[in-house]
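Notes to accompany the following structure.
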Amino acid sequence: MLLNISSSPISHRNPHFLSNFNNPISYFPRRSHLSKSHLFPNLSALPNQSLKNRVLFGNKRYPDGGERNDFRTRAISGIDLGSFESVLEAIAVLTTIIVVHESGHFLAASLQGIHVSKFAIGFGPILAKFDYNNVEYSLRAFPLGGFVGFPDNDPDSEIPIDDENLLKNRPTLDRSIVVSAGIIANVIFAYAIIFVQVLSVGLPVQEAFPGVLVPEVKTFSAASRDGLLSGDVILAVDGTELSRTGPDAVSKIVDIVKRNPKSDVVFRIERGNQDFDIRVTPDKNFDGTGKIGVQLSPNVRITKVRPRNVPETFRFVGKEFMGLSSNVLDGLKQTFFNFSQTASKVAGPVAIIAVGAEVARSNIDGLYQFAALLNINLAVINLLPLPALDGGTLALILLEAVRGGRKLPVEVEQGIMSSGIMLVIFLGLFLIVKDTLSLDFIKEML
């Protein structure tokens with residue numbers, strides 16, 4: 001999966017972390033149970049860098065007084081969960097987004113007087129629960145999603161099956177509102193997050209310079225052994241000059257290093273007022289690729305811009321929101337029209353938390369955009385008219401309306417949804433195993 005630094009319409013100055021997380025899947029086992037498994041972001045909108053060579057950024061201050069984005073590429077490395085605190089922050093962000101989504105369904109039903117029986121965060125065994133107003137609220141063992149339950153098909157329910165306030169007995173419009181409310185809640189929440197970011201910390205404005213910055217050199221690495229220092233700027237690699245293209249320049253270095261284990265790679269270095277060449281011999285990684293043990297980032301300097309008045313605030317927020325949404329849609333398009341190359345970029349909850357943890361370690365700006373992008377991804381993906389998604393359920397309701405109010409046979413509808421659920425379960429398990437094996441400390445153990 002890939003992380004992308006791209007610009008939004010607010011300016012070509014403002015980098016975005018996860019230009020797409022083709023996100024969390026949701027599913028409806030039946031119309032009486034709105035269940036979401038928030039699992040599968042696709043980081044394909046983040047071209048040019050994979051999680052294996054991921055690019056994140058934070059602000060670093062340098063002796064010249066400027067600030068540069070720390071687009072951290074853990075060069076030739078696996079997924080790194082980082083500090084426990086940052087992992088908790090990432091989990092908190094993901095859990096909040098799940099709660100917002102499910103709350104959308106819950107409130108849309110409750111405000112219409114529709115009976116609701118359960119509100120759960122997570123799946124599996126119940127860890128804690130309480131009852132309030134005939135609704136069971138629970139926290140479950142596997143925090144990968146959540147669901148809102150309805151008593152429509154509950155054999156233990158004392159509500160008559162012909163009660164007009166059962167979800168299944170409501171008109172198509174009422175049910176459509178309940179189904180789509182989770183999507184709407186995530187869109188509103190994403191906009192609110194960006195609004196708070198604009199008011200509290202502003203938006204980053206970046207100026208690009210030639211070359212690629214080396215923010216950090218690992219001790220005892222090939223780079224350290226052969227003379228690279230933190231703060232160096234790589235102007236060229238093997239005679240190829242590096243432009244101001246950000247992650248593209250970083251990718252070029254990563255690709256050359258990976259292709260040349262145990263072979264000299266010549267870097268043209270800018271250190272202070274001096275330019276000179278350094279030969280670095282990449283060590284051989286366990287998978288046969290080269291590694292030199294550095295972090296790389298586009299050579300940019302950033303400042304923060306804040307709106308000067310209320311109209312400008314809404315203009316900034318609107319353009320930023322549209323920019324992030326465009327990145328999400330671009331990533332989704334890449335997934336469907338270039339699936340052979342983007343399939344490996346679909347990520348499960350382990351990878352989402354790993355990315356979120358690294359963003360949390362970088363700075364508050366990253367956490368804002370990480371949260372906003374997850375919300376937008378969840379909304380966009382759930383709009384797709386596919387089994388196990390909100391959009392799939394909306395499609396069935398639309399089909400019912402076209403058929404003059406005649407519903408599909410229950411066994412047909414449940415068969416469609418069940419097939420989607422089984423796909424989600426198997427894909428989810430596969431991604432959890434794959435992403436776990438990509439964790440740095442797991443790879444070191446192997």
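What you see is a predicted model; the values in this text were computed from it and never measured. This chain uses plain numbering: 1 for the first residue, then up along the sequence.
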Rounded to the nearest 0.5 Å, what separates atom CG in L324 from atom NZ in K319?
14.5 Å
Qualifying ring pair (Phe, Tyr, Trp, His ring centres under 6.0 Å) pairs with a residue from residues 392-420, counting only residues at least two apart or across chains:
none
Strictly distance-based, threshold 3.5 Å: is any side-chain N or O of N186 a donor or acceptor partner for the main-chain N or O of L378?
no
Taking all heavy atoms of V250 and all of S297, pick out the closest pair and write down the distance.
CG2-C, 4.0 Å
Please check this pair: side chain of S117 against backbone of G149, looking for a donor-acceptor N/O pair closer than 3.5 Å.
yes
Measure up the F195 and Y191 rings against each other and bin them: parallel (under 30°), tilted (30 to 60°), perpendicular (over 60°).
parallel
Scanning both residues in full, the closest heavy-atom pair of G293 with S221 reads O-OG, 3.5 Å
Going by the rule side chain to side chain contact (heavy atoms under 4.5 Å, CB included), which residues pair with I256 if we only count those two or more places apart in sequence or in a different chain?
V237, D238, K252, R259, N260, V265
Of all heavy-atom pairs between F316 and R306, which one has the smallest distance, and what is that distance?
CE2-C, 4.3 Å
Separation between CG (L107) and CD (Q112), nearest 0.5 Å, reads 11.0 Å
Tell me every residue that passes side chain to side chain donor-acceptor pair (under 3.5 Å) with S180, counting only those two or more places apart in sequence or in another chain.
none
Between S110 and V116, the two heavy atoms sitting closest are OG-CG2, 4.2 Å
State, yes or no, whether a side-chain contact exists between D131 and Y137 at a heavy-atom distance under 4.5 Å.
no
Check whether any side-chain heavy atom of P385 lies under 4.5 Å from a side-chain heavy atom of L394, and answer yes or no.
no
Which residues share a side chain to side chain donor-acceptor pair (under 3.5 Å) with E312, sequence neighbours left out
R308, R315
With S200 via side chain to side chain donor-acceptor pair (under 3.5 Å) - residues at least two apart
Y368
Gap between atom CD1 of I376 and atom CD1 of I194 - 0.5 Å precision:
5.0 Å
What distance do I188 atom CD1 and I193 atom CD1 have between them, rounded to the nearest 0.5 Å?
12.0 Å
According to the salt bridge (Lys or Arg N to Asp or Glu O under 4.0 Å) rule, which pairs have a member within residues 120-129, sequence neighbours left out?
K129-E136
I need the I292 CD1 to K218 NZ distance, nearest 0.5 Å.
11.0 Å
Just so I know, are the side chains of L384 and I381 near enough to count as touching, which here means a heavy-atom distance under 4.5 Å?
yes
What pairs with F220 under ring pair (Phe, Tyr, Trp, His ring centres under 6.0 Å), at least two apart in sequence or on another chain?
none
Counterpart residues, salt bridge (Lys or Arg N to Asp or Glu O under 4.0 Å), relative to K284 (two or more places apart):
none
With a 4.5 Å cut-off on side-chain heavy atoms, are F119 and S103 touching?
yes
Of all heavy-atom pairs linking A181 and G104, the shortest is CB-O, 3.1 Å
Could you tell me whether a side-chain N or O of N285 sits under 3.5 Å from a main-chain N or O of D287, the two making a donor and an acceptor?
no
Donor-acceptor check, side chain of D152 to backbone of L167, threshold 3.5 angstrom: yes or no?
yes
Short question: side chain of R170, backbone of E164 - any donor-acceptor pair under 3.5 Å?
yes
Heavy-atom check, side chain of F150 versus side chain of H105, under 4.5 Å
no
Can you find a pair of side-chain heavy atoms, one from L296 and one from L213, that are under 4.5 Å apart?
no
Does T96 reach the main-chain N or O of A92 with its side chain, forming a donor-acceptor pair under 3.5 Å?
yes
I159: side chain to side chain contact (heavy atoms under 4.5 Å, CB included) partners, not counting sequence neighbours:
H115, P151, S157, D163, L166
Check the surroundings of atom CG in L199: do more than 12 heavy atoms from other residues, nucleotides or ligands lie under 6.0 Å from it?
yes
Under the side chain to side chain contact (heavy atoms under 4.5 Å, CB included) test, which residues partner R406, sequence neighbours left out?
R403
Tested for side chain to side chain contact (heavy atoms under 4.5 Å, CB included) against V380, the lone hit among V328, V187, I183 is V328
Hey, mind stepping through K118 and D154 against side-chain contact (heavy atoms from CB on, under 4.5 Å) and telling me if it holds?
CA-CA 11 Å; K118 295 181 180 180; D154 184 355; 5.9 Å; no
E400 CD to R175 CZ distance, which is reported to the nearest 0.5 Å:
4.0 Å
A185: partners by side chain to side chain contact (heavy atoms under 4.5 Å, CB included), with sequence neighbours left out
V100
Please report the closest heavy-atom contact between I397 and S176, naming both atoms and the distance.
CG2-OG, 3.4 Å
List for me each residue that meets side chain to side chain donor-acceptor pair (under 3.5 Å) alongside N169, sequence neighbours excluded, and say none if there are none.
none
